[in-house]
A.B. asks: 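Quick one: the structure is below, and I'll ask about it shortly.
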Amino acid sequence: MKGITWLASYPKSGNTWLRVFLANLRAGGRAPAHINRLHTTQFAARELLDRTIGWETSELGQAEWEALRLPTQEALAAQGAEVPVKTHEAFADPRDGKPRFSRTASRGAIYVVRNPLDVAVSLSHYWGKSVDVAIAFMNDPRAELAYGPNGPQVSQLLCDWSTHVRSWMDGAGMPVCVLRYEDMLAFPEKTFEEAARAAGLSTQPADVAGAVARSGFEQLQRQEAENGFLERTTKRVFFRAGRSGEGREKLTARQVDLIIERHGEIMRRFGYLDSPGQVVARLS
Amino acid sequence: MVFFHYRLHGMELESEMEFPEWPRAEPGRGPADVVLRFGSTPERLENPRAQGVCFQATPGELLCWLPGSARFHVIAGREIIVEAGAGVSTEALRRWARSSPMAGIMLQRGRLPLHASSVATSRGVVVFAGGGGVGKSTLAAELGRRGYDVLADDIAVFEVAEGAAIKGLRGETGVWLWPDAAEAIGVGRPGEACADLVKRRHVFGGVVPDGETSVAAIYILERGEVSAGGGMLVRLKGAEALAVVLDLVYRPAFVRGLGLDRQVFGQVATAVKTSRVMRLVAPAERLAPSEVVDRVEADLDL
């Protein structure tokens, strides 16, 4: 089936690691793919959008750009290149329910979800802001990533964390392969095999195992230390910890409550909370 | 009907729309090289060789549009027809006309438009090229603040004769800066406000020579990290330089559609042969523009 395969996630949820794996799987070989040459299209990248549209997106008003979103995706799909496309955006704007992604241009999506307690810690580190700021952002129904009109990316609507997850899981209207970041850590070969299948790539055990081995977190950290990471949007280290459980270790009880109060339903759905509402220490 | 007369990018242009950003000229004795007028445009081109979401191109014609807002038909290097939608502001029309349609007419007229800003110095024209938001205008403005003559911003146009050094042509007056970029280079005085966006035009009173100068260096601005042991400036040569500059022609898809691949390839080949092409890595943590320009001045021995 033709069309775009969206690699979707809320920020700091494992999207880059997934893309590293897919790049390694696609390339095969012995040398690990480089984090600065993942050959993934990023839908929010102005350079890509400018070339496809024929106008500078920085010269377009928000309404003008929004009117061109879906035609731009359809034009990208029509180009026929089978390169997955990364996005951090929610699938639809809850204010009007309109999809922000063209179903006709899409083959499907791989969506990575991560425990929001860990996402909060990771976001705070990456931005250099307090965890409270990160939690407020994750709870904001109108949250967006905005780098300004002179930044390399157009603004991206995230909504709050739960709405983001729900929009892809329940509202995309296309095949969506949902992966948990924690399963990528605990059961990498099984989990990444699902990603490979969803991306239409080889699922041969040897190929998957090799790609997993070449995508190890230490490898990514080493590459970032040596050459930097071009996709980084802040000064901070991108590949920082690569583990789960930091939220339980570092958030205060109040901060945990703030997150559970807002996102408990989705957390239960993914096994991050048990039925009584307690944070699950070890996922099954 | 009132027409305004301008001279920019080496051509005489007569326009029904007023462009405060363009250098005025006295009406010439003969017909202008290019006429920009209001009129109707085709819905689509027949058999376009290249097309995108908002453009189609075929030899001799470029059609660009913003749905519901405006359409621009660029014809044979002689005419730009503007069809405005209801309620569209003149400022928006001017902003759009100055970008892709202008690049299209330059290509059709045999010039080489690059996604770049350019500044005249004692060593020749310095070009800052690169994708959107990478800092071309900011660096050009910093040089303007230091007294150099800014020739062009965002689209820099060059005259290329085979075997000769390429020449930078004077374009719009002023540099359009976002507020944070203006603050970064300490430009305190307010420029003109654009009603639809917050970019403002800043005019610098640099030396005003004839306006045609040979290109000394093309700096390709890229976001990235300076690798351990590496430098911010790396000389590019041969095929690599050619590929990088070709990619920064405004726009490769227009070139293909207009059937100008061979022309533009030859022009870029001449450009990289006769000028220095340098990759300038802008670290993610963004050095102050003044520090980057210090290095450029040192590199050029200005």
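Numbers restart at 1 for each chain; the letters A, B, ... are given by sequence-line order, proteins then strands.
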A.B. asks: With a strict 4.5 Å heavy-atom criterion, list every residue of residues 250-259 of chain B that contacts chain A, or say none.
C.D. replies: B/Y250, B/R251, B/P252, B/F254
A.B. asks: Go through the structure and list residues passing side chain to side chain donor-acceptor pair (under 3.5 Å) with B/T41, not counting sequence neighbours.
C.D. replies: B/R71, B/E83
A.B. asks: Within the distance-only criterion (no hydrogens, no angle test), does the side chain of A/W55 pair as donor or acceptor with the backbone N or O of B/W65 below 3.5 angstrom?
C.D. replies: yes
A.B. asks: Using side-chain heavy atoms (C-beta onward) and a distance below 4.5 Å, is A/R51 in contact with B/D247?
C.D. replies: yes
A.B. asks: Can you tell me which portion of A/E56 sits under 4.5 Å from chain B's heavy atoms? Options are side chain, backbone, both or neither.
C.D. replies: both
A.B. asks: Quick check for you: to the nearest 0.5 Å, what is the distance between A/L60 atom CG and B/W96 atom CH2?
C.D. replies: 7.5 Å
A.B. asks: Enter the distance from A/E64:CD to B/S69:OG here, rounded to the nearest 0.5 Å.
C.D. replies: 5.0 Å
A.B. asks: Could you report the tightest heavy-atom contact between B/V53 and A/I53, atom names first, then the distance?
C.D. replies: CB-CA, 3.9 Å
A.B. asks: Is it the backbone or the side chain of B/S100 that comes under 4.5 Å from a heavy atom of chain A, or both, or neither?
C.D. replies: both
